[in-house]
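Residue numbers begin at 1 in each chain, while the letters A, B, ... track the order of the sequences.
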Number of protein chains: 2
Amino acid sequence: METWKTTVPHIELYSDGSADPNPGKGGYGIILRYKNISKEFSEGFELTTNNRMEMLGVISGLEKLKTKSNVTVYTDSAYVVDSITKRWVYSWKSKGWRKSDRKPVINVDLWTRLLPLLDFHNVTFVWIKGHAGHPENERCDELAKMARGNGQILKKDEGYTSTLESNQNLSLL
Amino acid sequence: METWKTTVPHIELYSDGSADPNPGKGGYGIILRYKNISKEFSEGFELTTNNRMEMLGVISGLEKLKTKSNVTVYTDSAYVVDSITKRWVYSWKSKGWRKSDRKPVINVDLWTRLLPLLDFHNVTFVWIKGHAGHPENERCDELAKMARGNGQILKKDEGYTSTLESNQNLSLL
RNA sequence: GGACACCAAGUGUG
DNA sequence: CACACTTGGTGTCC
């Protein structure tokens, strides 16, 4: 047997994201679990989208890991899961971040942040149905809502707002 | 002044519908009022939905009117009121009974039965909050429940059961 | 045409 | 609290 498999830690990462309205105030909530110990994290943003929050939850979780790990990611976002497991994201990248209809891919800033993390860690994605009684998924949903809720400090999602500004500049031409 | 306004009768139509369970046994109750005289009607069905009963109450009430009338319809169903007053139903019809997300509209049989009635009469819809102490609304609720209750003769809602059969046929393919 | 998610409103039943 | 019946919108992909 390879020693690799026994020495690399196995981590579980639960993630959920939301925006209200969409686009609007957003947040993500994540649970990182290693053996019997869990940690929770969340962040809120002034102006973003549901899908960016779904992505950013996964990204932030993976970025917190200090050593190369086997990670199982649980999320209800088909957007995130399918883009990786069905290799869409690798196809987009190889085509200069164009989709099969040759229109530009959205959220490239986050996809380019996610790919090296998938390279570094050994990541398995598991899609779970939302609002179907998965305790960790529901806790992440709660964390995300709290993070964007009343009186919370909300960060700027520069990656989203810069896209908006680009669109605005285009319409000025 | 137009003689029209004074010669066309003004009718008040109160309607409520329910199903228990939903879908399941259902009924509607209506009150038709002209001047100081009121009449009550109700029907029960073996298998239907709450929304079909809310619609059918309004339809049956309008169908009972023998002459062109000014009708004010009172119902607690935002489904019924918004579909008309926000012109959703006309948009669906013009798109071949597809919604804005291009998925098929539900209960088309009842919408196509309602539209000519709205054409013929001069109908105003008023949304009233359910269970908020409106006496006529509560009476209609009672009539609906009686009509679907113990030992009542229940009719078949062909429009609903045929939809179920279609779905079943689809799943056999 | 399909899928998932996010948000909003009303009703029905328990 | 939970289920179902229905609609409007957006974010994203095939």
Inset, instruction - Quickly work out the Asn22(B) CG to rG14(C) P distance and round it to whole Å. - result: 11 Å
Legend entry - Same cluster (ILVMFWY, side-chain, under 4.5 Å), Val89(B) and Trp127(B): yes
Legend entry - Partners meeting ring pair (Phe, Tyr, Trp, His ring centres under 6.0 Å) with Tyr74(B) (sequence neighbours left out): Tyr14(B)
Legend entry - N or O in side chain of His131(A) less than 4.0 angstrom from rA5(C) OP1/OP2: no
Inset, instruction - Would you please name every residue forming a side-chain contact (heavy atoms from CB on, under 4.5 Å) with Asp119(B), sequence neighbours left out? - result: none
Legend entry - Thr85(B): partners by side-chain contact (heavy atoms from CB on, under 4.5 Å), with sequence neighbours left out: Val81(B), Asp82(B), Phe125(B)
Inset, instruction - Could you state whether Tyr28(A) and Leu114(A) fall into the same hydrophobic cluster, counting links through intermediate Ile, Leu, Val, Met, Phe, Trp or Tyr residues with side-chain heavy atoms under 4.5 angstrom apart? - result: yes
Legend entry - side-chain contact (heavy atoms from CB on, under 4.5 Å) partners for Glu158(A), two or more places apart: Lys156(A), Thr161(A)
Legend entry - Polar side-chain atom of Ser60(A) near backbone of Gly57(A) as donor-acceptor pair, under 3.5 Å: no
Legend entry - RNA chain C-proximal residues of residues 48-60 of chain A, any heavy atom under 4.0 Å: Asn50(A), Glu54(A)
Inset, instruction - Would you mind listing every ring pair (Phe, Tyr, Trp, His ring centres under 6.0 Å) that reaches into residues 136-166 of chain A, with sequence neighbours excluded? - result: none
Legend entry - All pairs passing ring pair (Phe, Tyr, Trp, His ring centres under 6.0 Å) where residues 95-114 of chain A contributes a residue, at least two apart: Tyr79(A)-Trp111(A), Trp92(A)-Trp111(A)
Legend entry - Contact nearer the 5' end of RNA chain C, comparing Ala78(B) with Lys129(A): Lys129(A)
Legend entry - Stretch residues 82-113 of chain A: residues that reach within less than 4.0 Å of DNA chain D through a heavy atom: Trp88(A), Trp92(A), Lys99(A), Val105(A), Ile106(A), Asn107(A)
Legend entry - rC7(C) phosphate, OP1 or OP2, under 4.0 Å from Lys25(A) side-chain N/O: no
Legend entry - Residues Lys145(B), Asp141(B): salt bridge by 4.0 Å N-O rule: yes
Legend entry - Within residues 12-21 of chain B, residues whose heavy atoms come under 4.0 Å of DNA chain D: none
Legend entry - Nearest-Å distance for atom pair CG/C1', residues Asn137(B) and rG12(C): 13 Å
Inset, instruction - Could you pull out all residues at least two apart from Arg139(B) that satisfy side-chain hydrogen bond (donor to acceptor under 3.5 Å, both in side chains)? - result: Glu40(B), Glu142(B)
Legend entry - Beyond-backbone contact of Val105(A) with Lys99(A), side-chain heavy atoms, under 4.5 angstrom: yes
Legend entry - Within residues 30-39 of chain A or reaching into it, pairs that qualify as side-chain hydrogen bond (donor to acceptor under 3.5 Å, both in side chains) - sequence neighbours excluded: Arg33(A)-Ser38(A), Arg33(A)-Glu136(A)
Inset, instruction - Please list, in 5' to 3' order, the outermost nucleotides of DNA chain D lying under 4.0 Å from any heavy atom of chain A. - result: dT10(D) to dC14(D)
